[in-house]
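Beneath this line is the structure, given in structure tokens, with notes to follow.
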Amino acid sequence: MPYHEFDCSKCIPERKQHAVVKGADEDITSALPLGYLNTIPGTISERGCAYCGAKHVIGTPMKDVIHISHGPVGCTYDTWQTKRYISDNDNFQLKYTFATDMKEKHIVFGAEKVLKKNIIEAFDAHPDIKRMTIYQTCASALIGDDIAAIAQEVMDERPEVDIFVCNSPGFAGPSQSGGHHKINIAWINQKVGTVEPTITSDYVINYVGEYNIQGDQEVMVDYFKRMGIQVLSTFTGNGSYDDLRAMHKAHLNVLECARSAEYICNELRVRYGIPRLDIDGFGFGPLAESLRKIGLFFGIEDRAQAIIDEEIARWKPELEWYKARLKGKKVCLWPGGSKLWHWAHVIHAEMGVEVVSVYTKFGHQGDMEKGIARCEPGALAIDDPNELESLEAMYKLKPDVIFTGKRPGEVAKKIRVPYLNAHAYHNGPYKGFEGWVRFARDIYNAIYSPIHQLAQLDISQQAIPVVQGFATAR
Ligand code: CFM
């Protein structure tokens with residue numbers, strides 16, 4: 001059923017179809033908001049752009065690479081260090097950011113020369129790094145600089161270096177999701193198959209759609225290694241550029257975030273015959289099932305089961321301690337894409353936390369469908385939300401905590417609703433058995449922190465008219 005009371009839909013009637021409440025006996029599809037469309041003009045969307053999706057979600061977690069943006073400095077600077085994709089390469093990929101710093105004169109006369117100068121300067125400044133990715137931005141795309149030709153010139157002059165070019169300007173899609181697609185396809189077209197790996201196991205995987213947020217990748221890779229599996233590459237968290245050129249030699253693609261990386265898995269299946277296995281590293285149940293599935297594929301279920309038994313025996317009592325204290329608490333689960341369905345059911349099942357709302361900034365309809373299917377009737381689903389809608393939802397639903405990003409999170413704090421960072425985490429990793437307990441601990445700390453008494457946290461005392469006043473004042 002549509003969420004008719006939304007003030008925002010009074011100003012922008014089209015928004016009505018983007019916010020829907022799951023009814024008691026409706027089939028799921030009738031409770032689906034519209035999704036993955038261009039943002040409606042007049043709403044202030046929380047989405048990122050296609051450049052950001054390509055560079056900051058997928059490209060830059062690669063650890064042994066100089067990542068350059070060919071564009072004005074703001075594209076690079078304003079997106080620098082907004083994520084926490086750590087690496088075991090002394091976090092080189094997080095410490096530095098590179099831009100060609102295009103100015104007005106470059107827009108008029110072209111910026112290919114300045115690009116080449118920057119590529120060479122960057123390599124010379126970091127003599128140990130021989131790999132580079134270059135990202136087109138709106139500015140360099142509009143003037144038509146031929147980045148691939150410049151990259152080839154440098155590779156011809158310096159045979160020891162290798163450069164990947166990603167043409168995904170900000171306008172290449174309605175959101176960051178357009179950029180995910182573009183870089184997936186660009187990587188397989190340009191780089192996969194250009195390095196031959198050393199195979200050391202009978203069980204060889206690529207771990208795909210995993211970005212090592214606060215160490216997620218390292219936790220999961222540890223399980224795979226304990227099963228005797230060789231992880232040829234990780235696309236792309238803590239991933240190495242040359243390992244990712246060898247993806248074509250894996251026996252199996254183990255896919256974590258399908259929203260951002262199913263494209264390359266599907267292409268690896270078509271071009272190289274490598275099967276795709278979707279897994280889920282969040283929550284004891286889904287993770288155990290995932291390890292079993294991988295074990296089953298290779299005929300090593302016993303190894304998977306041994307790890308599951310050991311880890312659950314070790315961590316379950318702690319999870320139960322938190323569950324007893326979190327039971328019945330209400331959360332708005334407001335991430336960007338696939339975390340909405342990775343988390344919805346398992347937060348409820350394993351921590352007792354009730355999901356009263358899901359939203360996705362850029363997820364496709366399938367993501368929302370899976371998310372809503374995993375919520376109880378009455379849950380509010382919002383596609384491509386804006387600040388006003390989030391505020392109204394918090395006043396009406398009165399959640400105990402919300403899981404979202406920094407910007408909407410700060411808005412929540414202003415009305416004294418505690419928030420956890422669903423993107424970069426608070427004290428992650430959150431994947432793995434241990435990680436899931438860390439997540440429960442962060443939720444517990446968010447809800448029970450004594451700071452809320454000092455700040456007189458009581459959303460039930462705060463009236464909705466504040467939001468309506470907000471709307472009318474505009
Ligand atoms: Fe996949 Fe991600 Fe997500 Fe995503 Fe993202 Fe992210 Fe996210 Mo922030 S790749 S869709 S574009 S799981 S950056 S690591 S947390 S919005 S829900």
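Quantities reported herein were computed from a predicted structural model and do not represent experimental measurements. In listed order, ligands and their atoms are each counted from 1.
Residue contacts with ligand 1 include F362, since one or more of its heavy atoms lies under 4.0 Å from the ligand. Heavy atoms of H342 come nearer than 4.0 angstrom to ligand 1 in no pair at all. A heavy-atom separation below 4.0 Å is not found between K361 and ligand 1.
Per-residue contacts place H180 under 4.0 angstrom from the following atoms of ligand 1 (heavy atoms of the residue considered): 11 (S). The ligand atoms of ligand 1 that sit less than 4.0 angstrom from a heavy atom of G337 are 10 (S), 17 (S). Counting atoms of ligand 1 from 1 in the listed order, those under 4.0 Å from a heavy atom of S260 are 1 (Fe), 9 (S). If you number the atoms of ligand 1 from 1 as listed, the ones under 4.0 Å from a heavy atom of K83 come out as 6 (Fe), 13 (S). Heavy-atom proximity to S338, at under 4.0 Å, picks out these atoms of ligand 1: 1 (Fe), 3 (Fe), 10 (S), 12 (S), 17 (S).
With ring centers used as reference points, W343 lies under 6.0 Å from F439. Centroid-to-centroid, the aromatic rings of H426 and Y419 come within less than 6.0 Å.
Note on C257: counted as a metal contact of atom 1 (Fe) of ligand 1, an N/O/S atom lying under 2.8 Å.
Although no hydrogens or angles enter the test, the distance criterion places a donor-acceptor pair under 3.5 Å between the side chain of Q93 and the main chain of Y85.
Taking a cutoff of 4.0 Å between a charged side-chain nitrogen and a carboxylate oxygen, R441 and E318 do not qualify as a salt bridge. The residues D242 and R245 are annotated as salt-bridged, a charged nitrogen and a carboxylate oxygen being separated by less than 4.0 angstrom. Ion pairing between a basic and an acidic side chain is recognised when a charged N comes within 4.0 Å of a carboxylate O; E410 and K406 show no such pairing.
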